Amino acid sequence: MKTIQLIAPSGATLDSKSPLLGIEWLRAQGIQIENSVCVERVSERFAGKDAERLAELNLLAQLTPHKLVMAMRGGYGIHRLLPNIEWSAIAKAIENGLQVCGHSDFTAFSLALLAKTGAVTLSGPMLNYDFGRVNDDGQAIPPNEFMWEHFQRAVDQRRLDCKVLATQAYLGSQSSNSISGLLWGGNLTVITSLIGTPYMPTSTQTQGGILFLEDVNEHPYRIERMLMQLLDAGILKNQAAILLGGFSAYRLYENDRGYSLESAIKMIRSRLPSTIPILTGLPFGHQTDKLTLPVGATASLAYSADRFKLSAQW
């Protein structure tokens with residue numbers, strides 16, 4: 001990893017310090033940073049006008065092969081751009097060696113590209129939170145070592161290899177198994193918003209897949225409601241396994257009366273075929289411990305009641 005091309009396709013930065021700290025840290029690792037000016041763009045809540053952000057995404061088709069592209073942050077904004085993104089040209093650049101990484105709102109780009117072309121992108125760290133975090137006093141927080149290790153492995157070796165102690169396993173009739181399938185997914189809210197659009201991978205593409213999900217600031221009942229939509233749309237039943245990452249930054253209320261995220265997962269488990277496991281504890285999402293996952297690659301998953309191993313080479 002010698003060069004990172006920054007893009008800002010979604011929300012404007014929430015503070016001026018985070019992106020600058022992230023750029024500083026990456027440069028200290030000997031990485032050349034290009035298009036750093038994108039972190040300064042602001043138009044309403046977005047990181048620039050729609051035309052600016054669209055042009056930046058379409059420029060990916062012209063980048064030098066073997067370059068890494070990283071999103072600044074998530075938020076919202078890519079949905080506005082989907083109809084005019086040059087999918088085939090970007091997929092060709094990826095075929096020639098380009099790598100593109102982001103998560104959260106970037107899920108919309110990754111899944112749309114997968115739906116349109118089958119190209120693989122990386123669901124992983126972004127500049128602001130993962131490389132430029134600050135504490136309450138405004139001091140820089142070093143990047144998470146687990147995140148950095150797996151990010152480098154994904155970018156330099158195009159390999160995923162992680163053993164996880166499952167915080168909870170909802171296995172149904174299969175106490176253990178080894179499977180392989182298309183690895184896909186991302187932010188639950190964004191995925192749900194793509195249902196019924198041409199930017200959602202088809203049931204044929206995702207048949208027997210390994211679906212990973214995460215979200216932030218969503219109460220368990222809203223998580224359940226979105227999972228119900230994926231269930232009723234036939235998407236969950238189409239999978240070989242469901243991996244749950246971080247569901248963070250929500251609060252429970254007195255009127256929940258014991259209802260929790262575990263309650264929501266158990267309800268979904270009861271409506272799935274018994275052969276489809278739901279495994280929790282995937283190190284992924286709006287959290288510091290974060291894998292870099294190849295969206296659209298074939299992955300292998302071996303699991304038991306208390307642990308699972310996820311691996312891929314692409």
Side-chain angles (χ1 to χ4, degrees), residues 103-104 107 111 123 162-195 200-201 203 206-287 289-291 293 299-310:
H103 69 280
S104 191
T107 299
L111 293 193
S123 195
C162 186
K163 296 179 181 179
V164 179
L165 292 176
T167 53
Q168 188 65 262
Y170 306 84
L171 299 182
S173 63
Q174 303 278 4
S175 59
S176 63
N177 203 355
S178 295
I179 59 176
S180 64
L182 182 84
L183 184 65
W184 73 290
N187 181 264
L188 177 59
T189 299
V190 175
I191 293 172
T192 305
S193 73
L194 296 177
I195 294 174
M200 183 71 166
S203 59
T206 62
Q207 175 70 43
I210 300 170
L211 172 63
F212 65 92
L213 301 168
E214 63 84 24
D215 219 317
V216 64
N217 292 324
E218 297 290 351
H219 188 283
Y221 84 81
R222 291 196 288 267
I223 293 169
E224 178 182 317
R225 183 167 56 199
M226 289 186 282
L227 290 172
M228 282 294 298
Q229 188 170 356
L230 293 178
L231 180 71
D232 292 340
I235 295 168
L236 296 188
K237 293 181 179 179
N238 202 35
Q239 307 308 306
I242 299 166
L243 306 181
L244 300 183
F247 288 86
S248 56
Y250 65 83
R251 57 172 293 192
L252 297 175
Y253 297 91
E254 184 178 347
N255 67 336
D256 286 314
R257 300 182 182 90
Y259 176 80
S260 64
L261 180 58
E262 184 177 1
S263 304
I265 297 171
K266 284 181 176 178
M267 199 286 300
I268 298 296
R269 161 74 276 165
S270 70
R271 301 197 180 191
L272 279 176
S274 63
T275 54
I276 303 175
I278 301 177
L279 304 170
T280 66
L282 181 72
F284 183 76
H286 291 72
Q287 58 189 56
D289 280 1
K290 184 185 284 92
L291 291 171
L293 302 172
S300 298
L301 174 69
Y303 66 87
S304 61
D306 60 352
R307 66 192 66 229
F308 60 91
K309 179 181 180 181
L310 184 64

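Only a predicted model underlies this, so the values are computations on that prediction, with no experimental measurement involved.
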Which atoms form the tightest heavy-atom contact between [X] and [Y], and what is the distance?
X	Y	answer
Leu171	Ala305	CD1-CA, 3.5 Å
Ala240	Gly208	CB-O, 3.5 Å
Gly185	Leu111	O-CD2, 3.8 Å
Ile191	Gly186	CD1-N, 3.5 Å
Asn217	Ala249	OD1-O, 2.9 Å
Pro220	Ala264	O-CB, 3.9 Å

Atom pair [atom1] ([X]) and [atom2] ([Y]), whose distance is rounded to the nearest 0.5 Å:
X	Y	atom1	atom2	answer
Ser180	Ile210	OG	CD1	7.0 Å
Tyr221	Tyr253	OH	OH	8.5 Å
Met200	Ser193	CE	OG	9.0 Å
Phe308	Ser176	CZ	OG	15.0 Å

Next on the checklist: Tell me every residue that passes side-chain contact (heavy atoms from CB on, under 4.5 Å) with Tyr170, counting only those two or more places apart in sequence or in another chain.
Outcome noted: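 If we apply the side-chain contact (heavy atoms from CB on, under 4.5 Å) test to Tyr170, skipping adjacent residues, the hits are Gln168, Glu262, Ile265, Lys266, Arg269, Ile278, Thr280.
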Next on the checklist: Within the 4.5 Å heavy-atom criterion, are Leu282 and Leu310 side-chain neighbours or not?
Outcome noted: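 Yes; the side chains approach each other to less than 4.5 Å.
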Checklist entry - Quick one: does Ser104's side chain get under 4.5 Å of His286's, heavy atoms only? => result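 Counting from C-beta outward, Ser104 and His286 do come under 4.5 Å.
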Checklist entry - Out of Ile242, Leu279, Leu244, Leu243, which one pairs with Phe212 under the side-chain contact (heavy atoms from CB on, under 4.5 Å) rule? => result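 When side-chain contact (heavy atoms from CB on, under 4.5 Å) is applied between Phe212 and each of Ile242, Leu279, Leu244, Leu243, only Leu243 qualifies.
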Next on the checklist: Ring-plane angle category for Phe284 and His103, please: parallel below 30°, perpendicular beyond 60°, tilted otherwise.
Outcome noted: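 Judged by the thresholds at 30° and 60°, the geometry between Phe284 and His103 is perpendicular.
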Hey, can you pull the donor-acceptor pairs under 3.5 Å for the side chains in residues 223-238, sequence neighbours left out?
from	atom 1	to	atom 2	distance (Å)
Glu224	OE1	Tyr259	OH	2.6
Asn238	ND2	Ser203	O	2.9
Asn238	ND2	Thr206	OG1	3.2

Item to check | Pair listing, salt bridge (Lys or Arg N to Asp or Glu O under 4.0 Å) test, anchored in residues 208-222, at least two apart | outcome: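 Non-adjacent pairs meeting salt bridge (Lys or Arg N to Asp or Glu O under 4.0 Å): Glu218-Arg222.
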